[in-house]
Amino acid sequence: MTEKQKTVFISADHGLAIVYFLQSDVVKTMIEGGVRVVLLTDAILKEQIEARFGQDGLIVEDLRIKEARDYFNSYKPSMQFWLDFLRRAGASHKINLVPVENYIEQVQVEATGKRKLLMPVMKMAVMVMHYSKLARKLMQRMQRQFVPHLYDDLFEKYDPEMVVASTPGWRFDKYLLREAAARGITTTTVIVGWDNSCSYNLSGADMDYATCWSELQKQELVLGSDWDPEKVNIGGIPSYDGYFLNEWVMPKEDYFELHGLDSTRKLISYASSFVSFSPNIQNIEALAELVNEDALAEPSQLLVRLHPNHFMNKGRFAAEREAVREMVKTMPHVHLVEPVALGGELGHYSGEDMPEKTSMMAHSDVFVTVYSTMVVETAIHRTPIIAECIDHEVGWTENFYLPLSEISDWETHRRFIEAKAGTVVLDKESLKDTLNLYLQNPTHDAAAQEKFIEDECTFTDGSAGRRTGEYLLSLVQGK
């Protein structure tokens, strides 16, 4: 009798997950190891993914994100909301809880109606969870009742040995993972984002294994979210293999021509970040004024990259997007990059513009952002980095606002600062001085950046995709 080919479901509910699994060696390694991979993602991307990444052993199916959202919003939505709140807010006190505290404050400020009345009770529950592993386990058991059975047909059709997701149930992937766990199927998460393990915390489903970037992330999972250290693998970050292998960078001349940049001027780039909590326009204006007035030590130009959230259907984000677009029209040395939309539910978080992102970081003389994950990516290219944290005069007036000067204690922000991988500036004058420092001494932080990358990424030789694929393969083959 022919032995049944082993099958793995992979949930890719985010554009960065597409990069992690398909633009690295993760899926390739698994398929070469004899495993059939069923990638679940937005149905609108099926033809696009098959055309670009199609190969024997890879099948693309619909993740049914809309149906999952409808279930969340229609079936006991209040209870599901509060379970999600407790999951994210209820991590152990053994890790840095500053991001958690700010999240709780955000929910409290934006709460209305019954939600506002329940908030004091939920904050008390969170305090108990911070110090009680039993309380955290109880909350996670309560999640098991919410299984919409959206994927029964796929489980019956493919009979997978394992389900892998880009979060441990922090988004709508929780329903797929819960159904897998209820069926006794192995559940595994990969940690895609730099700050994920210290910001989103407890699992949204019963999980068996995890693979993460570094020992730093492993400790966050173990100490903050009660993971068994024996079940957490350190595999590096496959999404960055292309950086380490120099696969995506465009020739400088081509990149400058693409954006109409002046080859005689230094390039300062700004990547918008943290826009959910604070406007970025004040940072951009400060940079644009310095460049437009030729106030720096070297004639310079500014390239601004908008954030994916700038394209969400929310007024404050759209207004800032349009303000930047108008600014670019009036300042000849200020240019704009808009992230490419992957399509459907995955929005503007996309791997479609990896050559664009890579080239911006590699060819900039100074890179500026608000502690974005891109500080890690840019450090790989040894480009000087500034974390620009100028406070807005009023902030988001109708939503929770967190001044940028108050976010240095977030765990990933703290590690960037302590590593001395770049410089934090809080006002326009310091911004000018630091830009001039880096324009005149571009290798100022190079040694610190090298150590920072080793600590955060672990494997810097482009092998993370293969290593992660081999780890996932070992879990399946061991069954």
Side-chain angles (χ1 to χ4, degrees), residues 5-72 148-167 169-180 183 185 187-190 192-193 238-239 242 248 308 311-313 339-357 465 468-469 472 476:
Q5 184 180 24
K6 292 185 176 181
T7 299
V8 171
F9 281 5
I10 291 181
S11 168
D13 66 345
H14 195 286
L16 297 180
I18 299 292
V19 182
Y20 186 104
F21 290 113
L22 294 178
Q23 291 185 238
S24 74
D25 287 335
V26 174
V27 166
K28 174 177 176 286
T29 300
M30 296 176 71
I31 290 175
E32 289 178 350
V35 168
R36 177 175 61 170
V37 172
V38 179
L39 183 83
L40 284 81
T41 190
D42 192 327
I44 199 171
L45 304 177
K46 179 178 172 66
E47 291 186 6
Q48 182 180 340
I49 289 174
E50 288 176 340
R52 182 171 179 184
F53 301 107
Q55 55 191 294
D56 290 340
L58 176 64
I59 300 168
V60 183
E61 290 280 6
D62 184 7
L63 187 53
R64 303 168 187 177
I65 300 174
K66 180 182 181 300
E67 291 87 340
R69 181 183 292 108
D70 289 345
Y71 175 80
F72 181 83
H149 295 284
L150 298 176
Y151 310 100
D152 283 345
D153 59 323
L154 296 180
F155 279 108
E156 295 300 326
K157 180 178 180 180
Y158 294 109
D159 189 21
E161 274 72 26
M162 182 167 71
V163 175
V164 180
S166 55
T167 83
W170 292 332
R171 294 194 290 267
F172 292 127
D173 55 357
K174 57 192 167 208
Y175 300 128
L176 176 69
L177 290 165
R178 288 175 194 169
E179 185 166 344
R183 291 171 172 267
I185 297 169
T187 54
T188 301
T189 184
V190 303
V192 171
S239 308
W248 295 317
F311 300 88
M312 294 174 64
N313 187 27
V340 175
L342 192 57
E345 296 281 352
L346 276 62
H348 283 73
Y349 282 95
S350 169
E352 292 303 289
D353 62 349
M354 292 306 287
E356 164 63 49
K357 275 181 61 181
T468 300
L472 297 175
V476 179

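Side chains are part of it too, since the values below use all heavy atoms of this structure and drop only hydrogens, waters and symmetry mates.
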Test item: Ile49 and Leu22 side chains (from C-beta on) under 4.5 Å apart, heavy atoms: yes

Approximate separation, where rounding is to 0.5 Å, of Asp13 CG and Lys174 NZ: 11.0 Å

Is there side-chain contact between Pro238 and Asp25, with heavy atoms separated by less than 4.5 Å? no

Might you work through the side chain to side chain contact (heavy atoms under 4.5 Å, CB included) test for Glu67 and Tyr175, ending with a clear yes or no? CA-CA 11 Å; Glu67 291 87 340; Tyr175 300 128; over 6 Å; no

Quick one: side-chain contact (heavy atoms from CB on, under 4.5 Å) partners of Thr188, sequence neighbours excluded? Met162, Val164, Thr186, Tyr209, Leu472, Leu475

Inter-residue atom distance Arg69.CZ - Arg171.CZ, 0.5 Å rounding: 11.5 Å

With a 3.5 Å distance limit and no angle check, can you tell me whether Thr187 reaches the backbone of Val163 through a side-chain donor-acceptor pair? no

Has Arg64 got a side-chain atom pairing as donor or acceptor with Leu150's backbone, closer than 3.5 angstrom? yes

Is Asp56 close to Ile31 at the side-chain level, that is, under 4.5 Å between some pair of heavy atoms? no

Kindly write out the residues that satisfy side-chain contact (heavy atoms from CB on, under 4.5 Å) with Glu32, not counting sequence neighbours, or none if the list is empty. Lys28

Would Phe9 and Phe155 count as a ring-ring contact (aromatic ring centres under 6.0 Å, His included) here? Give the steps. CA-CA 9 Å; Phe9 281 5; Phe155 279 108; 5.3 Å; yes

Taking every non-hydrogen atom, the tightest pair across Asp173 and Ser11: CB-OG, 3.7 Å

Val38 versus Leu154: any side-chain heavy-atom pair under 4.5 Å? no

Are Pro160 and Ile185 close enough that some pair of their side-chain heavy atoms sits under 4.5 Å apart? yes

Between the side chains of Asp159 and Thr7, is a donor N or O closer than 3.5 angstrom to an acceptor N or O? no

Is it the case that more than 12 heavy atoms not belonging to Gln55 sit under 6.0 Å from its CD atom? yes

Calculate, to the nearest 0.5 Å, the distance between atoms CG and CG belonging to Asp62 and Leu40 respectively. 8.0 Å

Side-chain heavy-atom pair Thr189, Trp170 within 4.5 angstrom cut-off: no

Pair Phe172 and Tyr71, ring centroids less than 6.0 Å apart: no

With heavy-atom distances below 4.5 Å as the criterion, would you say the side chains of Ser239 and Met354 are in contact? no

Could you tell me which residues satisfy side-chain contact (heavy atoms from CB on, under 4.5 Å) with Asp152, sequence neighbours excluded, listed by chain and number? His149, Glu179, Arg183

Looking at side-chain heavy atoms only, is the closest gap between Val192 and His14 below 4.5 Å? no

Could you grab the distance from atom OG1 of Thr41 to atom CD1 of Ile18, nearest 0.5 Å is fine? 4.0 Å

Donor-acceptor contact present, side-chain Thr468 to main-chain Val26, <3.5 Å: no

Which pair of non-hydrogen atoms, one from Leu177 and one from Thr167, has the smallest distance, and what is that distance? CD1-O, 3.6 Å

Are the side chain of Lys6 and the backbone N or O of Val476 linked by a donor-acceptor pair below 3.5 Å? yes

Okay, side chain of Tyr158, backbone of Val37: is any donor-acceptor separation there less than 3.5 Å? no

